[in-house]
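The structure appears right after this line, and notes come after that.
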There are 2 protein chains.
Amino acid sequence: MMGSMSKQPKYQQVADALRREIDKGTYGPGSRLPSEAELAARFEASRNTVRSGLGLLVSQGLITSSQGLGYEVRKHEIFELNASRFENLNFPQNGDAYSTDVTNAGRRPHQTFRVEVTTMPEDIAQRLRVETGSRAVLRFCHRFVDDVPWSTQATHYPDWLVREAPRLAEPGDVAEGTTRYLASHGIEQIGYADEIATRMPTPDEARLLEIGPGVPVLLWTRTGYTAERPVRCTITTFRGDLNRMNYEIGDLSARNENDAQ
Amino acid sequence: MMGSMSKQPKYQQVADALRREIDKGTYGPGSRLPSEAELAARFEASRNTVRSGLGLLVSQGLITSSQGLGYEVRKHEIFELNASRFENLNFPQNGDAYSTDVTNAGRRPHQTFRVEVTTMPEDIAQRLRVETGSRAVLRFCHRFVDDVPWSTQATHYPDWLVREAPRLAEPGDVAEGTTRYLASHGIEQIGYADEIATRMPTPDEARLLEIGPGVPVLLWTRTGYTAERPVRCTITTFRGDLNRMNYEIGDLSARNENDAQ
DNA sequence: GGTATCAGCTTGTACCAACAAGTTGAGCAA
DNA sequence: TTGCTCAACTTGTTGGTACAAGCTGATACC
């Protein structure tokens, strides 16, 4: 008999076996797993041991659990973001790429706004070449798609810029969009430096984005430059399981002309 | 007394308290936390409860644990990758941006190579506009920095391309670099489509990259185009805790001229 | 029919106990 | 000094128990 030719701990065997069955399709996306008690019987392990194995899969983002309901295989649905186009050009009207992108995808966008006068955190101050702790205006945005939390966006503006463009410090949306508003005051952004990183969410982020365990966040930091200097820094925090960033570099006419799907 | 004005479960209180102390600097990067037994005494909880709280912080990537040693606050050291420059131009000699980037950063690069003849997976086939399951050459690369696993890179080449540039299918490195070799056969890449995503690693990835729990991976998919069609697709898997991707868009002369640190 | 309750399922939290396994340093022996 | 052993720490694994809390459907009641 094949008894215990295994060096691995039992909870890992449980996790591996379930992972294989999920990959194989025995349990498809959205379907429910057997209950802890059933799994305990099947693997001849205690409920605690089975819970350890299931906990592994949860923290790997493969399944979710809900009290009273059971364990469910996570389904993946991702949203594409085109980050390499410019922001300021020919956008129809109010606001940003986000609303148009989401609407074009046939989804319903929704966002809440907040404006604060605060001080520059160190990392932002470095990027904007101003002093840490100097005055700054923070415009914060919490975005939803079909009422599902999608991303948060925090843009810091240095004090010298706010003095030239005072409406940045006023609460509420800037109707024509901040980029256009800045351009009308002679601040034209002609270059962006983007940084992309990933990590596990902080408890705050997990709460705002309603992220379950095992889902990382995607951090997008964009610093906008005029011909002379950096003018603003935007940090967007995405749910990693729902978003993908796209960049186009060089000449991609071969891709875009024949949209052979 | 402030008894139990708390709705939160005890293991969360433990995790929150420790997270605050780590943020505050009570336990700095690299320092050791008190042992489970000490924490149990301090929080008046059982060892299991304390373990649950510590497990949270581990799966959030804030601390690590090693048997016999204890828990340690993770230190963060990130490596910057400039993804927006072209690959083919004026690189000195053998191989890719990776070696030069790492060497310039004063670190020691090291990589292992593997070449396979295989079939096209569905997602790659779509990007390269060939049939799923058709013949493909896979060049796989496992990269280290100072002997620490850093990333894996898998590039798929379609069959039609390999027939024009047969050395792609031969094992071992292409001395002058694949991009240059392709250009010498009339395959000049003039555009790249990049996609960036994140998720928790699969067990295979966790093994290859020696990733602990609570660390996501950063997935970078680059499809190279000639003027006529896509020619190759590279998927790079980075350790999310050690890497950050940078893109430059538009005119950034204001950033690059005065390298005010 | 509509509604309220509740039994019986599910997972979540918390504790206890015992032993396995990795690490370290004290202290003894050669 | 050098090297070995081992006790005393650490976390890892696995079992047990009990109760809390969320969900669902059947049942009884109005």
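All chains are named by letter (A, B, ...) in the order of the sequence lines, taking the proteins before the strands, and each is independently numbered beginning at 1.
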Exercise. Quick one: do A:Glu44 and A:Lys10 make a salt bridge, cutoff under 4.0 Å?
Worked result: no
Exercise. Under 4.0 angstrom, heavy atoms only, what part of the nucleic acid is A:Ser52 near: base, sugar-phosphate, or nothing?
Worked result: nothing
For this session: Using heavy atoms and a sub-4.0 Å distance, could you list which residues of residues 28-41 of chain A are near DNA chain D? By number, please.
Result: none
Seminar exercise, completed: Contact span of DNA chain D against chain A, any nucleotide atom under 4.0 Å from a heavy atom, 5' to 3', runs D:dT13 to D:dT24
Problem set entry | Gap separating the CD atom of B:Gln111 from the OG1 atom of B:Thr152, nearest 0.5 angstrom | 12.0 Å
Exercise. By side-chain hydrogen bond (donor to acceptor under 3.5 Å, both in side chains), which residues pair with A:Thr237, not counting sequence neighbours?
Worked result: none
For this session: Quickly work out the A:Glu72 CD to C:dT11 P distance and round it to whole Å.
Result: 12 Å
For this session: Could you pull out all residues at least two apart from A:Thr103 that satisfy side-chain hydrogen bond (donor to acceptor under 3.5 Å, both in side chains)?
Result: none
With a 3.5 Å cut-off and sequence neighbours excluded, list the donor-acceptor pairs that the side chains of residues 202-214 of chain A form with protein atoms.
| unit_1 | atom_1 | unit_2 | atom_2 | d |
| --- | --- | --- | --- | --- |
| A:Thr202 | OG1 | A:Glu205 | N | 3.2 |
| A:Asp204 | OD1 | A:Arg207 | NH2 | 3.4 |
| A:Glu205 | OE1 | A:Arg199 | NH1 | 2.9 |
| A:Glu205 | OE1 | A:Thr202 | N | 3.0 |
| A:Glu205 | OE2 | A:Arg199 | NH2 | 2.9 |

Exercise. Rounded to the Å, how far apart are B:Phe43 CZ and C:dC15 C1'?
Worked result: 17 Å
Exercise. Rounded to the nearest 0.5 Å, what separation is found between the OG atom of A:Ser31 and the CD1 atom of A:Ile22?
Worked result: 7.5 Å
For this session: Scan residues 99-122 of chain B for pairs that pass ring pair (Phe, Tyr, Trp, His ring centres under 6.0 Å), counting only residues two or more places apart or in two chains.
Result: B:His110-B:Phe144
For this session: Give a yes-or-no answer on whether the side chains of B:Glu80 and B:Asn246 include a donor-acceptor pair shorter than 3.5 Å.
Result: yes
For this session: Could you tell me whether the phosphate oxygens of C:dT11, OP1 or OP2, come under 4.0 Å of any side-chain nitrogen or oxygen in A:Arg51?
Result: no
Problem set entry | A:Arg107 with A:Glu77: basic N within carboxylate O range, under 4.0 Å | yes
Exercise. Looking at residues at least two apart in the chain, or sitting in another chain, which of them share a ring-ring contact (aromatic ring centres under 6.0 Å, His included) with A:Tyr71?
Worked result: none
Below 3.5 Å is the cut-off: list the nitrogen or oxygen pairs between protein and nucleotides 16-18 of chain C, distance only.
| unit_1 | atom_1 | unit_2 | atom_2 | d |
| --- | --- | --- | --- | --- |
| C:dC16 | N4 | B:Asn48 | ND2 | 2.1 |

Exercise. If only side-chain N and O atoms of B:Thr49 are considered, is one of them under 4.0 Å from the OP1 or OP2 phosphate oxygen of C:dC15?
Worked result: yes
Exercise. Among pairs that include at least one residue of residues 51-73 of chain B, which meet salt bridge (Lys or Arg N to Asp or Glu O under 4.0 Å), considering only residues two or more places apart or in two chains?
Worked result: B:Glu36-B:Arg51
Problem set entry | Residue list, salt bridge (charged side-chain N to carboxylate O under 4.0 Å, His left out) with B:Glu21, at least two apart or on another chain | B:Arg42
Restricting both atoms to N or O, compile the protein contacts to nucleotides 23-27 of chain C shorter than 3.5 Å, with distance only.
none

Exercise. In chain order, what residues pass the ring-ring contact (aromatic ring centres under 6.0 Å, His included) check against A:Tyr247, with sequence neighbours excluded?
Worked result: B:Tyr247
